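Only this structure's heavy atoms are used, side chains among them; waters, hydrogens and symmetry mates stay out. Just so we're clear, the structure is a prediction, and the values are computed from it rather than from any experiment. Position 1 is the first residue of the sequence, and the numbers go up from there.
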Amino acid sequence: MYVLGIETSCDETGVAIYHSKKGLINHALYSQIEMHSEYGGVVPELASRDHIRKLVPLIKQILSESQLLASDINAIAYTAGPGLMGALLVGAATAKSLAWTWQIPTIAVHHMEGHLLAPMLEENPPQFPFIALLISGGHTLLVKVEGIGRYDLLGQSLDDAAGEAFDKAAKMLELGYPGGPKLSALATQGQALIKFPRPMTDRPGLDFSFSGLKTFTLNTFNASEKTPDDKANIAASFQEAVADTLAIKCKRAIQQTGLKKLVVAGGVSANQQIRAALTDIALKEKTEVFFPRPEFCTDNGAMIAYAGCQRLLAENQQSLEIFARPRWPMDELI
Ligand code: KG4
Ligand code: ZN
């Protein structure tokens with residue numbers, strides 16, 4: 001069974017074809033980063049319009065690159081939320097229209113379920129049950145995963161998501177958009193000399209809070225001489241604080257659940273220092289750790305095609321009604 005996956009929840013147009021037996025056939029991504037960078041962040045209306053321009057050509061491209069015809073596709077999976085409403089609607093409406101024309105089913109996929117399942121596309125995929133740390137621009141979640149759709153929320157950010165904190169800290173350091181990768185690149189040139197707080201690690205529980213790190217960054221930056229060295233040292237110290245905090249919470253989640261498998265996914269999981277800190281803690285806890293390849297950490301169509309295929313195999317077919325939900329708590333998934 002060939003599943004076409006469509007991702008348009010934010011600033012990347014992603015498409016992919018996944019086959020239930022052969023695995024990932026092909027994927028393609030168009031990033032809007034250049035367009036939004038002029039404005040220092042994602043402009044929702046521009047994002048929607050660009051998805052409209054790029055989505056159908058990308059679908060045509062991967063079909064022809066894969067030497068497949070429209071009639072070979074058995075189902076279409078699309079990101080139905082959470083995300084920007086206009087952007088989601090482009091993917092949802094395109095998926096529904098194609099599915100109606102091709103007379104095939106659609107599957108509405110939860111974006112964070114896509115991220116959560118992305119490591120399944122790798123050679124050594126994790127077996128259920130496992131703990132998942134999902135760190136993206138909009139969410140920071142610790143989830144106990146028993147199977148597809150069987151998610152127990154262990155903890156989440158009470159304010160900014162990890163990626164959002166990276167983006168805001170980068171803005172304060174005048175690094176531009178997208179902040180996460182820029183701050184991370186600068187951090188490699190600095191030293192973590194400043195002792196940033198490790199928020200919410202001095203009390204029990206698995207929730208996170210990252211907004212304090214942002215204020216700490218601003219105050220530290222304003223009190224500094226604002227030299228390139230100051231910026232690099234602040235970036236390194238900030239990044240170390242986020243990595244440490246995530247590692248402390250993952251260690252707690254491993255000890256609390258007794259599960260010895262940890263999946264880390266979402267845009268921030270592309271960060272090398274965070275990968276290293278989590279690999280280190282997992283080793284100490286005799287826990288296996290799984291990451292998607294870096295290009296599947298950030299938004300992409302492959303994870304949506306994969307999640308949709310699994311949902312379809314579980315007979316999760318839906319009507320032709322267009323479904324898009326900008327806010328969609330993951331623990332409401334079944
Ligand atoms: O998963 P994603 O592509 O989109 C959402 O679902 O939000 O995540 C994007 C987030 C952004 O906040 C971006 O700055 C962050 O992931 N990010 C990074 C890195 N690459 C992307 N943060 C830190 N280090 C990176 N290397
Ligand atoms: Zn995402």
I want to check something: taking the side chain as every heavy atom from C-beta on, are Phe323 and Tyr78 in contact at a cut-off of under 4.5 Å?
yes

What verdict does the salt bridge (charged side-chain N to carboxylate O under 4.0 Å, His left out) test give for Asp167 and Lys171, after you've listed the backbone C-alpha separation in whole Å, the side-chain angles of each residue and the deciding distance to 0.1 Å?
CA-CA 6 Å; Asp167 294 337; Lys171 209 169 205 169; over 6 Å; no

Using only atom types and a distance under 3.5 Å, with no angle test, would you say the side chain of Lys54 pairs donor to acceptor with the backbone of Thr13?
no

Check: Lys260 side chain, Ala282 main-chain N or O, donor-acceptor pair, under 3.5 Å
no

Taking C-beta and beyond as the side chain, do Tyr177 and His36 meet within less than 4.5 Å on heavy atoms?
yes

Is it true that atom NZ of Lys251 has more than 12 heavy atoms of other residues, nucleotides or ligands lying nearer than 6.0 Å?
no

Between the side chain of Asn233 and the main-chain N/O of Gly190, is any donor-acceptor distance below 3.5 Å?
no

Do side-chain atoms of Ser71 reach the backbone of Leu69 as a donor and acceptor pair under 3.5 angstrom?
no

Atom pair OG/CD of Ser37 and Gln32 - distance to nearest 0.5 Å:
11.5 Å

Return yes when atom CD of Gln191 has more than 12 non-hydrogen atoms of other residues, nucleotides or ligands closer than 6.0 Å, and no otherwise.
no

How about Asp160 and Phe208: do any of their side-chain heavy atoms sit closer than 4.5 Å?
no

Mind checking the CG-CG spacing from Leu158 to Asp207? Nearest 0.5 Å is all I need.
4.5 Å

Rounded to the nearest 0.5 Å, what separates atom OH in Tyr151 from atom CE in Met112?
11.5 Å

Can you get from Ile73 to Leu58 by hopping between Ile, Leu, Val, Met, Phe, Trp and Tyr side chains that sit under 4.5 Å apart?
yes

What's the shortest heavy-atom distance between Ala185 and Thr188, and which atoms?
O-OG1, 2.6 Å

Is there a path of hydrophobic side-chain contacts, each under 4.5 Å between heavy atoms, that joins Ile62 and Tyr306?
yes

Heavy-atom closest pair, residues Val3 and Cys309
CG2-CB, 3.8 Å

Can you establish whether the number of heavy atoms outside Lys60 located under 6.0 Å from its atom NZ is more than 12?
no

Begin from the C-alpha positions of Glu7 and Val15 and carry the test side chain to side chain contact (heavy atoms under 4.5 Å, CB included) through to its verdict.
CA-CA 6 Å; Glu7 156 63 38; Val15 296; over 6 Å; no

Has Glu122 got a side-chain atom pairing as donor or acceptor with Arg293's backbone, closer than 3.5 angstrom?
yes

Start with the C-alpha distance between Glu164 and Lys214, add both sets of side-chain angles, then the distance that settles salt bridge (charged side-chain N to carboxylate O under 4.0 Å, His left out), and finish with yes or no.
CA-CA 10 Å; Glu164 192 179 355; Lys214 183 179 66 185; over 6 Å; no

Of all the heavy-atom pairs spanning Gly301 and Ala16, show the shortest one and how long it is.
C-CB, 3.4 Å

List the steps, then state whether side chain to side chain donor-acceptor pair (under 3.5 Å) holds for Lys96 with Thr106.
CA-CA 7 Å; Lys96 293 287 178 183; Thr106 56; 2.9 Å; yes

CA sep, side-chain torsions, deciding dist, call: Ile135, Ile274, side chain to side chain contact (heavy atoms under 4.5 Å, CB included)
CA-CA 10 Å; Ile135 35 181; Ile274 289 173; 4.1 Å; yes

Cation-pi check, Arg150 to Phe128: give yes when NZ or CZ is under 6.0 Å from the six-membered ring centre and within 45° of the ring axis, no otherwise.
no

Do His139 and Ser157 have side-chain heavy atoms sitting under 4.5 Å apart?
no

Test item: Pro292 and Cys297 side chains (from C-beta on) under 4.5 Å apart, heavy atoms
yes

Yes or no on side chain to side chain contact (heavy atoms under 4.5 Å, CB included) for Ile234 and Leu186, after CA distance, side-chain angles and deciding distance?
CA-CA 9 Å; Ile234 294 172; Leu186 181 63; over 6 Å; no

Sub-3.5 Å donor-acceptor pair from the side chain of Asp280 to the main-chain atoms of Leu283, do we have one?
no

Evaluate the side-chain proximity of Pro82 to His110: yes if any heavy-atom separation is below 4.5 Å, no if none is.
yes

Checking Arg311 side chain against Ile107 main chain: does a donor-acceptor pair fall under 3.5 Å?
no

For atom CD of Gln127, is the number of surrounding heavy atoms from other residues, nucleotides or ligands below 6.0 Å larger than 12?
no

Just verifying a value: how many Å separate Leu213 CG and Gln239 CD, rounded to the nearest 0.5 Å?
12.0 Å

Applying side chain to side chain contact (heavy atoms under 4.5 Å, CB included) to Asn124 and Phe290, what does each step give before you reach the verdict?
CA-CA 8 Å; Asn124 171 31; Phe290 302 85; 3.9 Å; yes

Single-linkage hydrophobic cluster Val56~Tyr30, side-chain heavy atoms < 4.5 angstrom:
no

Give the cluster check for Leu24 versus Met120: same hydrophobic cluster or not, with ILVMFWY residues linked at side-chain heavy-atom distances below 4.5 Å.
yes

Okay, side chain of Arg198, backbone of Asp244: is any donor-acceptor separation there less than 3.5 Å?
no

With rounding to the nearest 0.5 Å, note down the distance linking CD1 in Ile33 to CD in Glu38.
14.5 Å

Is the terminal nitrogen or CZ of Lys226 (NZ for Lys, CZ for Arg) located under 6.0 angstrom from the six-membered ring centre of Phe221 and within 45° of that ring's axis?
yes

Are any non-hydrogen side-chain atoms of Gln256 and Leu206 less than 4.5 angstrom apart?
yes

Check: Phe296 ring centroid to His27 ring centroid under 6.0 Å:
yes

For the student: nearest non-hydrogen atoms of Ala161 and Ser136, plus distance
CB-O, 3.7 Å

Is there side-chain contact between Tyr39 and Leu46, with at least one heavy-atom pair below 4.5 Å?
yes

For Arg53 against Asp50, the heavy-atom pair lying closest together
NH2-OD1, 3.0 Å

Nearest non-hydrogen partners of Met85 and Pro326, listed with the distance
SD-CD, 3.5 Å

Check for me, please, whether Val143 and Ile131 land in the same ILVMFWY cluster - side-chain distances under 4.5 Å, paths through other members count.
no

Side chain Ser237, main chain Ile194, donor-acceptor under 3.5 Å:
yes

Check for me whether the distance between the ring centres of Tyr18 and Tyr2 falls short of 6.0 Å.
no

Verify, without hydrogens or angle tests, whether Thr79 (side chain) and His111 (backbone) share a donor-acceptor contact under 3.5 angstrom.
no

Out of curiosity, Leu141 CG to Met330 CE, how far, rounded to the nearest 0.5 Å?
7.0 Å

